[in-house]
Each structure stands twice: as structure tokens, then as C-alpha cells.
Amino acid sequence: MRATVKDVAKLAGVSPKTVSNVINGVVFVRPETRARVEQALAELDYVPNMSARGLRNGRSGMIALALPDLLRPYSAEIVHLVVELAHERGWGVQIEQTAAEPKREFELLSKARAYLVDGLILNPVNLDDSAVLSAGPLPPLVLIGDVDQDLVSQVAIDNVAAARDLTKHLLAQGCRRIAVVGTPEIPRGSSGAGVLAGSAEAPGTAASRLRTAGYHQALEEAGVPIDPALEIGLDRWRPEGAATVVGKYLAEHELPDAFFCFTDTIASGTLSALWSAGIAVPQQTLVAGFDNILESQFMIPPLTTVDFDRRAFVEAALDLLGERMSDKNAAPRRVMVPHRIVIRNSTTR
């Protein structure tokens, strides 16, 4: 006989409603209660739909990919590669947007635990706010991106080194007043003094803190003073936001020698603001980005940026997820994908 929700509830010592809450992941359930329910689900071989029971090895053949912002061109490239490369392995892919909200991450983790998907690739923007730390026992899970953790397997690039290398390139062009766009925004009521990039107390995303740290390192190594007035905060990494904050910055400050934008989409907004202000790139100032999205080579002028092998990045994530799906007790592994600086006309005079 197939186990029912009532059977699971009786074994776990909870109500059927609590079991449903754990399976659906919509309502918060205390970690200790969730653990009892999940143990009962496993012991009774409970599956949430009729077709799942007949699947070989109890798998659905589906994985999930969750990114914070599907509007970004970078996200579109990652989605494309995950879908294509997962298909080669016989896996379907469910695409989700978390909007960097822990509740959405929590729901996805619950789906994976309830066997609606076999595993999850997740891109949290901040570990402190992520459901990964508070969702209880984790299903097969791989993180991609910039958070620093050792709980689960992860694929990343060295953001500090990449930002340092890009800043060194700008310094080598003779730039000394290098503005950065996308740094952590300082909370209201704080001057920002004493906030260290990369510290647990620092505002902003993990990527913004790490890239700011690399920028600082390059300046310090070159003997160039760090000037907080050259750090332009941006809460959402989208071109329209970048165009607005850079336009305001240009109206209130002296033109920097260069702009280092923490994504190529930020760079596109920065180029728009400079064009609107009648400032020529690269004749009057330089602009560089990060990610080497497809559109970066077609910007005017073509954009200097940080690149990494996107296919190798996704392949590594799928390999790690496959390991976790086959053996949930496997030790977490971290794979670092190398980067390079792609020099184009936006930083050459």
C-alpha cells in the first residue's frame, strides 16, 4: 500500500497539515519538526504524485535552477547552458527566480526535499540572508556564485583576484582616479567608516563586497589612496539604475579617469549616462565591466571586461549536483573556474 499524508503524520507525531506544510514549503515549520517529518517521509517512501513512484531510483528526472534575477543577460546565458547541458544528461530543468528572497529559496529547498525535483542549483546573493543556513537538512544542492561557505558544493570564480586584475589593467593605462559602480550601499545613519569589504557586517551582496575588496587591493599595491567618493553604490545591478546613479554622480563630481562597473549591464547604463552628458569613451574616460556577456562586444565602444568559461562553470555545477544526487553524504567540494581580462576599445586610447 502506498503511504499517505496521514501515515507520515502518525509516524512523525504531527498533524497532516504540518506534513503538507513541509512538502509544499509554503508555511514555515520549525527545523526540529521538519526533520521528524522528513525522516518519516523517507522511512515510508512517500512520494507526492502518482507518477513519481514508478520512476527508476525514485527520481523525477528534473532538477531546478534558481537565479536571483532572470532579467539580466548573464542569467539568460547561464539558463541556456544549464538547460542544454542538463538535457545531454537526460535531465529536465525547472527555472525559478528567487529575487534574492529567503522565502523563495526556502520553498525551492522544500520542493527538492519532497522529491518534486532531484536536486537544485542555487545562486544566493548573500549567505547571511539565505535559506541555506536555516532550512534544516539540505537536499542535493549546489551553489553557484560568490558566497563564502563550506556547507555544500559550490562553483565560483575568484572575484577578488578578477577585480584586482581589472583594476590593475586600468592603472596600467595611466588611470589613478578609478570610480567603481556597484559597491555595497552604506545603510542610512552610517558614514561607512570601519566597514570592511568582505566582513559579515558589510552591506551589499557577496559579489559587491568581494569585487570592492579586489579593487582596494590593486589600489593599495599601486600606492594609490582609496577614495570613498569614487565608490558609487547601487542596490540593484541593472542598467537603468546604473544610468541614474552615474548621471547624478557626473553632475556632482569631477570626471574620474575610469569607471570599473561590477557587471557588464552596469557598464551599459554607465555608457548611456556618459553619452547623455556628452563625455566620450575612451577619449575622456575609460569604462570596464565584468562577466563578458554576449552584448559586451557590441557596445559602443566595445567593452573591456572580465571573462570566464561559462560552459566549464555550468559543467562543473552539474557534475557536483550529480555527485550529490548519487551520494547525499559525499563531502562538499568547491570548484574555482579561472578568469581572464578581455581588453577592448573602451579602455584603449
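- Residues V180 and I226 share a hydrophobic cluster, clusters being chains of Ile/Leu/Val/Met/Phe/Trp/Tyr side chains in contact below 4.5 Å.
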Walk me through whether V181 and Y249 qualify under side chain to side chain contact (heavy atoms under 4.5 Å, CB included).
CA-CA 10 Å; V181 189; Y249 184 90; over 6 Å; no
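- Between the side chain of D7 and the backbone N or O of T4 there is at least one donor-acceptor pair closer than 3.5 Å.
- Distance CG/N123 to CG/L67: 5.5 Å, rounded to 0.5 Å.
- Of all heavy-atom pairs between R310 and D291, the closest is NH2-O, 2.5 Å.
- S153 contributes no side-chain N or O that, together with a main-chain N or O of P332, makes up a donor-acceptor pair within less than 3.5 Å.
- Considering all non-hydrogen atoms of both residues, P73 and E295 come closest at CB-OE1, 3.9 Å.
- Without hydrogens or angle criteria, S20 side chain to P16 main chain gives a donor-acceptor distance under 3.5 Å.
- Interatomic distance, L143 CG to R334 CZ, rounded to the nearest 0.5 Å: 9.5 Å.
- Using a 4.0 Å cut-off between a side-chain N of Lys or Arg and a carboxylate O of Asp or Glu, D319 and R89 qualify as a salt bridge.
- Between N345 and T348, the side chains place no donor N or O within less than 3.5 Å of an acceptor N or O (distance only, hydrogens not considered).
- The hydrophobic clustering, which links ILVMFWY residues whose side-chain heavy atoms are closer than 4.5 Å, places V342 and V337 apart.
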Would you sort out whether F259 and I232 count as a side chain to side chain contact (heavy atoms under 4.5 Å, CB included), showing the intermediate values?
CA-CA 10 Å; F259 289 86; I232 304 172; 4.2 Å; yes
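- Under a cutoff of 6.0 Å and an axis angle of 45°, R311 and F313 do not form a cation-pi pair.
- Rounded to the nearest 0.5 angstrom, I279 CD1 and L255 CG are separated by 4.5 Å.
- The CZ atom of R72 sits 10.5 Å away from the CD atom of E77 when rounded to the nearest 0.5 Å.
- The CD1 atom of I121 sits 9.0 Å away from the CD1 atom of I95 when rounded to the nearest 0.5 Å.
- Taking a 6.0 Å sphere around CZ of R349, one finds it holds more than 12 heavy atoms contributed by other residues, nucleotides or ligands.
- The minimum heavy-atom distance between Q217 and V160, with the atom names listed, is NE2-CG1, 3.5 Å.
- When all heavy atoms are compared, the tightest approach of A207 to D146 is CB-OD2, 3.0 Å.
- Here R164 does not pair with E220 in a salt bridge; the nearest charged N to carboxylate O distance is not below 4.0 Å.
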Audit row: Q97, S75, side chain to side chain contact (heavy atoms under 4.5 Å, CB included) steps and yes/no
CA-CA 10 Å; Q97 176 173 277; S75 297; over 6 Å; no
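- At a threshold of 4.5 Å between non-hydrogen side-chain atoms, the residues K248 and T244 do not count as touching.
- Between L318 and A86 the shortest heavy-atom distance is CD1-N, 3.8 Å.
- One N or O on the side chain of R36 and one on the backbone of A12 form a donor-acceptor pair closer than 3.5 Å.
- No path of Ile, Leu, Val, Met, Phe, Trp and Tyr side chains, each step under 4.5 Å between heavy atoms, connects L271 with W275, placing them in separate hydrophobic clusters.
- Counting heavy-atom neighbours within 6.0 Å of I300 CD1, excluding the residue itself, gives a total of 12 or less.
- Ring-plane geometry between F262 and F260 is classed as perpendicular, the angle between the planes exceeding 60 degrees on a 0 to 90 degree scale with a lower cut at 30.
- Atom CD of Q173 sits about 4.5 Å away from atom NE2 of H169, to the nearest 0.5 Å.
- Judged by distance alone, the side chain of S208 and the main-chain N or O of T183 form no donor-acceptor pair under 3.5 Å.
- Other residues, nucleotides and ligands place more than 12 heavy atoms under 6.0 Å from the NE2 atom of H253.
- Transitive grouping of hydrophobic side chains (ILVMFWY, heavy atoms separated by less than 4.5 Å) keeps M336 and F308 in distinct clusters.
- Taking the side-chain hydrogen bond (donor to acceptor under 3.5 Å, both in side chains) definition, one finds that S15 meets it with T18, sequence neighbours left out.
- What you find for Q94 and V117 is that their closest heavy atoms are OE1-CG1, 3.7 Å.
- Using a distance-only test at 3.5 Å, with no hydrogens or angles considered, no donor-acceptor pair links the side chain of D307 to the main chain of I341.
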